[in-house]
There are 2 protein chains.
Amino acid sequence: MLRTNTDFLTYIDKLYQSDQSEISLQNFEKDSLLLRQGEKSHRVFIIKEGIAKCFFAEENGKDYILEFMSKGQVLGEIEVIRQIACLCNVAALTDLQVYVIPAASFKALLAKDFTLNKILLEELAERIINTSSRASFQQLYTVEHGLAKLLELQEKQNLTINKEDMAAYLGITLRSLNRALKSI
Amino acid sequence: MLRTNTDFLTYIDKLYQSDQSEISLQNFEKDSLLLRQGEKSHRVFIIKEGIAKCFFAEENGKDYILEFMSKGQVLGEIEVIRQIACLCNVAALTDLQVYVIPAASFKALLAKDFTLNKILLEELAERIINTSSRASFQQLYTVEHGLAKLLELQEKQNLTINKEDMAAYLGITLRSLNRALKSI
DNA sequence: ATTTCTTTTGGACATTTGTCCTTTTCTGCT
DNA sequence: AGCAGAAAAGGACAAATGTCCAAAAGAAAT
């Protein structure tokens, strides 16, 4: 659930140093929004330090957290690849340091660098694996199962998430989360 | 929900004709299994004709259908990219004609052909968009909303799915599906 | 320490969904 | 048409989850 990608980070670190390229470093304060669902963005981010969350804000007022992103995770690439407005919101859970690449440069890189293509394909494949197996799991098992798994992951990754985010990650209400926590 | 990809099909058609490559054409009968969850596979399929379903078989006996795949959709590529056993089952819903590429050839192609990389990146990005927005929607809205959307898509795409598959796509039981169908 | 305000938790009830099993409908056969 | 068996639908109850709101706990100020 707390996704990282060392290959990607290494790749971008190098690019940033070697190249006098279009890449820049930028900071985001905790709680600020990197990408706003529905809005066009023309930048791709790669997290150098810190944690962000990707979440859908549905029209009924509820949120669904897709992933918690950390070192080496790329943001906004789907939007650039498919030329669409932001799929979901991305918010900083901690102070964040990110590499920023203009969409045009990112595309240009993709058109000439097999390494980047490979890294990206592997990352997208991994996300499909995660997202789809979680969707299946959450649909077909009880909340308690899902919660148990979440707590386990949190422990393993030394991550503390507030209850509201836990509920949004599980796609349930706070009330249900509290109930499930009791019964475990 | 019935995913296609004309670019991919065109690309493979050409490759199959031009090249005396490793690509072959193969047929699968309705109801046969192209990929079995958990088993290693060393082939990538591209659907030329027909419809397949990708589904998880969870340990509690329930199924969750990820997608219905048709012309130009690629199968088994995630497994090759990440070098893992099959993530889910893929079954033929109709008789199927597919191109088959050995994993090694597929990788070799990826390492030298930007066009393939681009097509694949676009396809994976699209799948992430679909899978994640559906996960969010299914978690945060009622079954009736989900069913309404499903019926709409079915109509739009001229697709008839049996009730069992509809339920598996929605991640609910047949009983719940019947109830929801009544109340619409 | 006491008060006040805010945040978190949990009770009570309503709604949704699942489970189990009976009833109904359909199909093929005579 | 009538029957037997199979498949699909639905009733009845149980379990899970959501909604709404009151109670409890925590934080800040004096």
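- Position along DNA chain D of the nearest nucleotide to B:Glu164 versus B:Arg179 favours B:Glu164 as the more 5'-ward residue.
- Residue order along DNA chain C, read from the 5' end via each residue's closest nucleotide, puts A:Lys163 first among A:Gln139 and A:Lys163.
- Of all non-hydrogen atoms in A:Ala125 and B:Ile81, the two that sit nearest each other are CB-CG2, 4.0 Å.
- The side chain of A:Lys182 contributes an N or O atom lying less than 4.0 Å from OP1 or OP2 of C:dG10.
- Atom C1' of nucleotide C:dT16 and atom CG of B:Leu177 are separated by 15 Å, given to the nearest angstrom.
- Panel note: side chain B:Asn60, backbone A:Leu140; a donor-acceptor pair is recorded below 3.5 Å.
- Going from atom CG of A:Asn178 over to atom C1' of D:dA24 covers 13 Å, rounded to whole Å.
- Regarding B:Leu174, its CG atom lies at a distance of 15 Å from the C1' atom of D:dA6, rounded to whole Å.
- Within 4.0 Å of A:Ile172, counting heavy atoms only, lie sugar-phosphate atoms of the nucleic acid but no base atom.
- Using a cutoff of 4.0 Å between basic side-chain nitrogens and carboxylate oxygens, A:Glu49 and A:Lys71 are scored as salt-bridged.
- For the pair A:Asn162 CG and C:dT8 P, the interatomic distance rounds to 8 Å; values are reported in whole Å.
- Look at CG on A:Asn60: it is 11 Å from P on D:dG18, rounded to the nearest Å.
- Residue B:Tyr141 contributes atom OH, which lies 15 Å from atom P of D:dG18 at whole-angstrom precision.
- Counting to the nearest Å, the C1' atom of D:dG10 and the CG atom of B:Leu181 are 13 Å from each other.
- Remark: P of D:dA16 and NE2 of A:His145 are 12 Å apart, rounded to the nearest angstrom.
- Side-chain N/O atoms of B:Thr173 include one lying less than 4.0 angstrom from OP1 or OP2 on C:dG18.
- Between B:His145 and B:Tyr141, the ring planes lie tilted relative to each other; the angle falls in the 30° to 60° range.
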